[in-house]
Amino acid sequence: MKNENRKSNKTKLINNLYKSLYRIRTIEEKIALIYPTDQIKSPVHLSIGQEAVTVGACAALLEADVVFGTYRGHSLYLAKGGDLNGMMAELYGKSTGVAGGKGGSMHLVDTNRGIMGMSAVVATTIPQAAGYAYAFKVMKQNNIVVSFFGDGATEEGVFHETLNFAALKKLPMIFVCENNQYAVLSHQSERQSNTNIAERASVYGMHSEKIDQNDPYTIYEKVNWARNQIIEKGRGPFFFECMTERYREHVGPSERDDIKTLSAEIVDPLQQLSKLVSSDFKQNVFKEVDLELKQAINFAEKSAFPAKDSLYKDVYA
Amino acid sequence: MKNENRKSNKTKLINNLYKSLYRIRTIEEKIALIYPTDQIKSPVHLSIGQEAVTVGACAALLEADVVFGTYRGHSLYLAKGGDLNGMMAELYGKSTGVAGGKGGSMHLVDTNRGIMGMSAVVATTIPQAAGYAYAFKVMKQNNIVVSFFGDGATEEGVFHETLNFAALKKLPMIFVCENNQYAVLSHQSERQSNTNIAERASVYGMHSEKIDQNDPYTIYEKVNWARNQIIEKGRGPFFFECMTERYREHVGPSERDDIKTLSAEIVDPLQQLSKLVSSDFKQNVFKEVDLELKQAINFAEKSAFPAKDSLYKDVYA
Amino acid sequence: MPKSNINTRSISYAEAINEATRQLMSQDESVFVLGIGVDDPRGIYGTTSNLSREFGQDRVVNMPLAEDAITGIASGSSMAGMRPIVVHERMDFMLLAMNQLINVAAKSHYMYGGAVKVPMVVRSIIGRSWGQGAQHSQALQSFFMHVPGLKVIAPTTPYDAKGALVASIKDDNPVIFIEHRMLHNYKGQVPKDLYSVPFGKARILRAGHDITIVGISHAMVECIRAAKSLATSSISAEVIDPISLSPLDVQTICESVEKTGNLLIVDNGWTTCGASAEIMSLVIENVQGQDKVNMKRMGFEFVTSPTTKILEDLYYPDSRRIAKAGYDLLMGKETDWEPDVQESPEIDEFKGPF
Amino acid sequence: MPKSNINTRSISYAEAINEATRQLMSQDESVFVLGIGVDDPRGIYGTTSNLSREFGQDRVVNMPLAEDAITGIASGSSMAGMRPIVVHERMDFMLLAMNQLINVAAKSHYMYGGAVKVPMVVRSIIGRSWGQGAQHSQALQSFFMHVPGLKVIAPTTPYDAKGALVASIKDDNPVIFIEHRMLHNYKGQVPKDLYSVPFGKARILRAGHDITIVGISHAMVECIRAAKSLATSSISAEVIDPISLSPLDVQTICESVEKTGNLLIVDNGWTTCGASAEIMSLVIENVQGQDKVNMKRMGFEFVTSPTTKILEDLYYPDSRRIAKAGYDLLMGKETDWEPDVQESPEIDEFKGPF
Ligand SMILES: Cc1ncc(C[n+]2csc(CCOP(=O)(O)OP(=O)(O)O)c2C)c(N)n1
Ligand SMILES: Cc1ncc(C[n+]2csc(CCOP(=O)(O)OP(=O)(O)O)c2C)c(N)n1
Ligand SMILES: [Mg+2]
Ligand SMILES: [Mg+2]
């Protein structure tokens with residue numbers, strides 16, 4: 001590939017990353033604004049500040065690649081291409097929501113986009129991701145699975161059980177830890193004897209790396225490289241610990257008041273990207289996102305609540 | 001201490017180790033002989049071949065130090081000073097057994113000797129040991145806890161959860177993994193992506209070491225050193241992976257037929273020690289153990305079965 | 001339960017739990033609290049607030065996310081003579097600790113022939129409302145009732161919350177102490193001093209003679225409301241709060257049923273193999289051969305808890321449906337009687353996130 | 001159930017399970033087996049023997065000791081279109097997997113509004129005898145019956161074992177498939193071909209008109225023996241095997257009870273909040289207002305399982321005690337009738353270790 005081509009590819013990618021990040025930030029900030037109106041009767045765990053991880057990682061994935069996440073899932077859902085209308089309606093508890101109003105903010109899903117689900121119980125989707133990757137492996141499907149989880153999840157036993165299994169079976173998957181250093185109000189150092197999560201993962205015999213930048217492009221590059229290693233060389237699994245920062249409360253719309261200053265080293269990814277993108281491009285993005293979001297809110301508001309008898313549907317397949 | 005003194009101390013210790021190991025080996029071989037008579041209606045998991053670990057480690061402990069173990073617990077129980085009559089009677093299901101016949105071979109206990117219990121569910125006593133050590137720490141009691149478990153147990157999530165907690169709280173405890181390389185018939189390499197258990201433990205930020213020799217004296221020295229570090233310097237926890245070998249089936253009295261030859265590097269600890277002990281001393285040990293064992297079997301045989309109404313006792317304290 | 005007097009004052013259910021914990025921690029050094037977020041400023045809905053400041057971090061131990069180990073650590077410490085109180089912000093998380101609770105803690109005393117004791121309390125909170133959904137609203141009391149070696153207690157009033165927690169901490173067995181998020185803000189008269197509410201003793205919260213209504217945990221609040229509705233149609237309901245689910249006070253329930261001839265059991269939980277099935281079976285076994293009794297169970301609909309409010313409201317038995325069920329049971333058939341609408345302010349006013 | 005014919009032959013319960021698995025694995029590539037020791041030469045008591053040779057280690061996956069992850073791995077793979085069969089050598093180990101089973105697998109289909117399916121089977125074996133004791137003999141069927149989203153099946157004959165396993169593997173939901181160690185060696189006529197035994201359909205194993213006896217899992221074997229004892233006193237017992245516990249065929253049981261007026265439910269498990277409480281409650285709810293029915297539950301004594309045989313024998317309901325209970329129930333009082341002693345060869349002949 002010529003140098004110029006490569007450069008223009010990079011520009012395109014940066015533009016896309018910017019757009020994705022701006023879009024998610026804007027949507028979540030809007031959710032925070034709507035929240036006090038009580039139309040969203042669901043506990044929302046916002047990713048504001050830490051979108052870089054899911055935005056960067058998902059930029060390296062194909063639609064048929066699969067992700068699993070947590071209750072803090074809006075950003076992952078949107079970055080992986082999940083339908084915004086379906087998400088908004090789900091938050092509003094409407095029948096047109098991705099889970100028909102039965103899942104709410106914590107259980108987003110969009111199987112057409114490879115978004116296989118999110119759980120309110122910490123660490124529970126980690127082994128599920130490995131199971132999905134096992135299926136890819138035996139079915140010889142050329143796709144990968146990415147498991148997203150927080151720093152707190154790495155304390156749960158099942159995290160360790162899954163890393164061992166994934167490494168043992170050389171699964172086509174990537175573990176991505178969104179390390180915002182907190183579990184609710186508890187800092188990592190209160191909970192972990194060794195806060196270097198990438199190091200802890202490395203002993204299972206897999207490539208494991210800490211990414212300090214909170215920068216979607218860096219994360220994209222790493223995940224893209226790992227994905228290629230898996231698809232082309234049959235290597236895997238890979239582990240990335242991505243240092244990041246959550247700006248809002250653990251749950252709910254408010255700004256954090258539990259930490260005075262955010263870590264100095266960690267930069268706001270949106271501000272950073274913003275410098276790399278033309279203002280024309282940005283103006284377009286602003287408009288597009290604004291329109292899309294208005295329509296989605298309108299869709300959610302106008303949609304009907306589920307019929308009463310749907311209470312009894314889908315208990316069994 | 002003078003050199004001679006030190007030497008004679010070492011001789012004494014070797015003699016004691018020999019005696020303890022010979023005694024345990026003899027008792028378990030006797031159990032294997034009795035087993036086909038069906039007087040012991042309990043699944044027995046023999047330690048024959050791997051006694052060095054518990055014998056060596058317990059030689060470094062005081063009576064008030066506490067141990068937790070597994071269903072493969074005869075050797076630990078005896079090495080820590082557990083009452084032989086009570087154990088034999090327990091195997092026979094008699095009321096005079098340490099658990100009144102309710103526990104059997106897999107649940108030996110002798111609280112007076114700091115033997116706090118053994119579980120048939122793999123890895124379950126590991127966090128209990130940490131809890132006990134936590135109590136020692138906050139009660140400022142100058143004793144330590146040792147948690148014994150197999151290589152298979154290190155695959156369970158709770159192992160990881162406990163190591164993190166123990167290292168985080170700097171607990172006065174030692175983890176001792178009896179690595180016989182097998183879980184039932186499954187070799188470590190079929191189950192673990194990284195079979196170096198000591199290395200896996202080290203990432204929690206604790207001193208962790210692999211001991212290859214299957215030699216009680218080496219294990220004694222390491223555990224003794226660690227115990228001193230804990231008591232004198234407030235350090236802890238420590239982790240030792242002790243390579244060893246089980247000669248019998250996973251459960252039951254028979255010789256193994258699943259592996260043709262035992263690992264060449266691992267030596268039989270009894271044969272090794274035997275070379276270091278005078279034949280007079282040995283003759284005495286033979287006699288003593290023979291007598292003690294005869295009496296214990298007699299005690300077990302003569303004891304009564306539990307009264308029927310004891311079924312309903314001790315459900316609640 | 002005491003009337004208001006000089007030594008009592010009105011405090012909330014959450015404050016009552018906090019107070020019981022604080023008083024016992026002051027009295028007994030071996031009592032300590034452990035769990036995820038127990039020293040967090042929000043103090044598990046206020047139930048553990050300020051304890052860490054008063055007793056230090058060694059006795060109010062913020063734990064890593066590791067429910068199975070936490071439970072084993074608690075039981076291990078209890079074997080060393082301590083009296084741990086484990087706290088789970090949601091009962092659902094106990095599913096991660098079933099092995100240590102049921103395979104180990106419940107069995108230790110028996111399996112070791114009485115040689116060890118495992119005094120420990122496991123507090124957990126049933127969630128509800130504001131889209132808690134599938135994984136944050138389970139009520140698993142029947143699991144623990146099913147297992148010998150465990151005690152299970154689910155107080156509904158601030159008075160009982162304090163006294164039952166005291167009894168639980170003093171008990172030498174593993175005790176599952178069940179709270180409900182919708183009860184935490186309820187106020188009631190609570191003595192300042194320490195006192196115990198004993199296991200195995202039900203409380204008649206409202207006397208009556210036409211129908212016996214047994215309500216468990218938050219369902220009790222709805223049962224009281226239902227009883228008021230029924231009263232408007234001159235039906236006198238006796239409302240019984242078992243408080244202690246294991247051991248269970250069958251006698252008080254049976255005596256009431258012998259009087260009323262009608263029994264409605266309303267659990268805050270699923271009915272299949274639930275506490276309500278157990279109570280119904282026990283009553284049958286005790287009163288059979290005597291007079292005919294009409295019986296009915298109510299509980300969560302047998303589906304997974306949905307998040308959207310319109311479905312959630314249908315998922316839980318409310319006072320209206322309870323009253324109607326009681327009325328129809330009494331009449332022996334489906335009627336078109338419609339109860340007064342009773343408000344459930346604790347639910348309507350509750351706003352997220354948790 | 002078929003009489004012996006050209007297409008059936010006598011094989012054991014364990015062989016029936018092995019055969020169902022093998023036939024479905026041949027037919028459907030997505031079916032695979034995973035669990036601790038599944039490729040071990042002993043093949044989980046013969047139930048998985050030779051499968052790994054035939055289908056390879058990718059489809060018969062020996063797993064690390066990690067029950068919670070194993071369950072999550074299974075459900076994750078099922079979301080990708082596979083049909084995993086998880087095997088636990090002891091049901092007790094499922095307590096390590098409750099989170100993945102109940103918080104995740106049982107709820108996924110509903111909580112995601114039908115967007116995903118989780119077809120998976122979890123086989124587990126109830127242990128007994130030879131000092132299995134506290135942690136190797138639990139029977140936790142009621143836990144799974146309690147939870148919407150799970151199906152629960154506990155066949156007792158080789159015929160039903162094969163057919164029910166086929167139905168379980170073909171089902172699109174998480175299915176808890178319960179075996180009993182004392183049933184594995186039982187032989188019976190089993191067709192060579194594939195067939196399904198449907199969920200939610202009980203089987204009348206012995207017709208009768210004086211008393212209805214419902215037996216679950218291994219207790220069924222003792223119930224048949226008890227029925228024979230009762231027959232010597234001219235009491236005709238109808239013995240019903242529910243086979244499927246969730247969904248449960250209440251109708252067949254109620255029809256029998258309406259005929260006999262007497263119901264004895266014998267579970268292989270604890271009774272408190274157990275399957276027997278559920279069945280009793282369902283029958284009450286269905287037949288009340290009609291004729292009077294005498295009812296009784298039996299199950300494990302409400303203690304932890306002891307190891308020594310003398311206590312173990314008292315812990316389990318045996319055919320003698322079942323027959324006596326049936327007789328007394330029928331007579332409406334305690335009598336001094338003594339049943340024939342019936343042998344339980346599967347228990348007396350079973351020798352350790354496992
Ligand atoms: C098994 C379990 N334990 C406890 C909780 C309560 N809880 C919800 S979120 C959370 C913190 C998780 O922290 P982390 O994994 O770092 O994710 P983050 O919220 O920072 O994205 C806790 C403790 C839970 N949901 N599940
Ligand atoms: C939680 C759990 N899973 C599975 C088993 C079945 N099982 C009993 S012993 C054993 C092997 C354990 O191996 P290891 O920890 O190495 O101990 P060893 O037997 O070698 O002493 C297994 C899998 C069990 N008892 N508990
Ligand atoms: Mg975090
Ligand atoms: Mg081993």
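To find a chain, count down the sequence lines: A is the first, B the second, and so on, and within it residues start at 1.
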J.: Look up atom CG in D:Leu95 and atom CG in C:Leu96, then write down how far apart they are to the nearest 0.5 Å.
T.: 12.5 Å

J.: Just so I understand: if I count every heavy-atom pair under 4.5 Å between each of C:Ala277, C:Cys273, C:Gly133 and chain D, which residue has the most?
T.: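 With the most close heavy-atom pairs to chain D, the winner is C:Cys273.
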
J.: Who pairs with C:Asp313 by salt bridge (charged side-chain N to carboxylate O under 4.0 Å, His left out), at least two apart in sequence or on another chain?
T.: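 Result, salt bridge (charged side-chain N to carboxylate O under 4.0 Å, His left out) vs C:Asp313: C:Lys309.
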
J.: Considering only heavy atoms, which portion of D:Leu245 lies under 4.5 Å from any heavy atom of chain C: side chain, backbone, both, or neither?
T.: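 The answer is neither part of D:Leu245.
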
J.: Side-chain donor-acceptor contacts of residues 296-306 of chain D below 3.5 Å, not counting sequence neighbours, with atom names and distances?
T.:
residue, atom, partner, partner atom, Å
D:Arg297, NE, C:Glu285, OE2, 3.0
D:Arg297, NH1, C:Glu278, OE1, 2.8
D:Arg297, NH1, D:Thr271, O, 3.3
D:Arg297, NH2, C:Glu278, OE2, 3.3
D:Arg297, NH2, C:Glu285, OE1, 3.0
D:Glu301, OE1, B:Tyr312, OH, 2.8
D:Ser305, OG, D:Ser137, OG, 3.2

J.: Just say parallel, tilted or perpendicular for the rings of D:Phe143 and C:Phe143, cut-offs at 30° and 60°.
T.: parallel

J.: Shorter than 4.5 Å, heavy atoms on both sides: which option in D:Gly332, D:Ser142, D:Gly113, D:Ser246 has the most such pairs with chain C?
T.: D:Ser142

J.: Which atoms form the tightest heavy-atom contact between D:Ala139 and C:His146, and what is the distance?
T.: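 Nearest pair, atom of D:Ala139 first, then C:His146: O-NE2, 4.1 Å.
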
J.: Donor-acceptor pairs under 3.5 angstrom involving side-chain atoms of residues 65-74 of chain C: please list them, not counting sequence neighbours.
T.:
residue, atom, partner, partner atom, Å
C:Thr71, OG1, C:Glu67, O, 2.7

J.: Counting only heavy atoms closer than 4.5 Å, note whether C:Leu329 contacts chain D via side chain, backbone, both or neither.
T.: side chain

J.: Residue by residue, scan residues 97-110 of chain C and write down, ordered by number, those that have a heavy-atom distance under 4.5 Å to chain D; if none do, write 'none'.
T.: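 Checking residues 97-110 of chain C against chain D gives C:Met98, C:Asn99, C:Ile102, C:Asn103, C:Val104, C:Ala106, C:Lys107, C:Tyr110.
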
J.: Could you tell me which portion of D:Ile284 (side chain, backbone, both or neither) has an atom closer than 4.5 angstrom to a non-hydrogen atom of chain C?
T.: side chain

J.: Any heavy-atom pair between the side chains of C:Ser276 and D:Ser281 that's under 4.5 Å?
T.: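 When only atoms from C-beta onward are counted, C:Ser276 and D:Ser281 do not touch, as no gap falls below 4.5 Å.
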
J.: Please flag which part of D:Leu282 lies under 4.5 Å from any non-hydrogen atom of chain C: side chain, backbone, both or neither.
T.: both

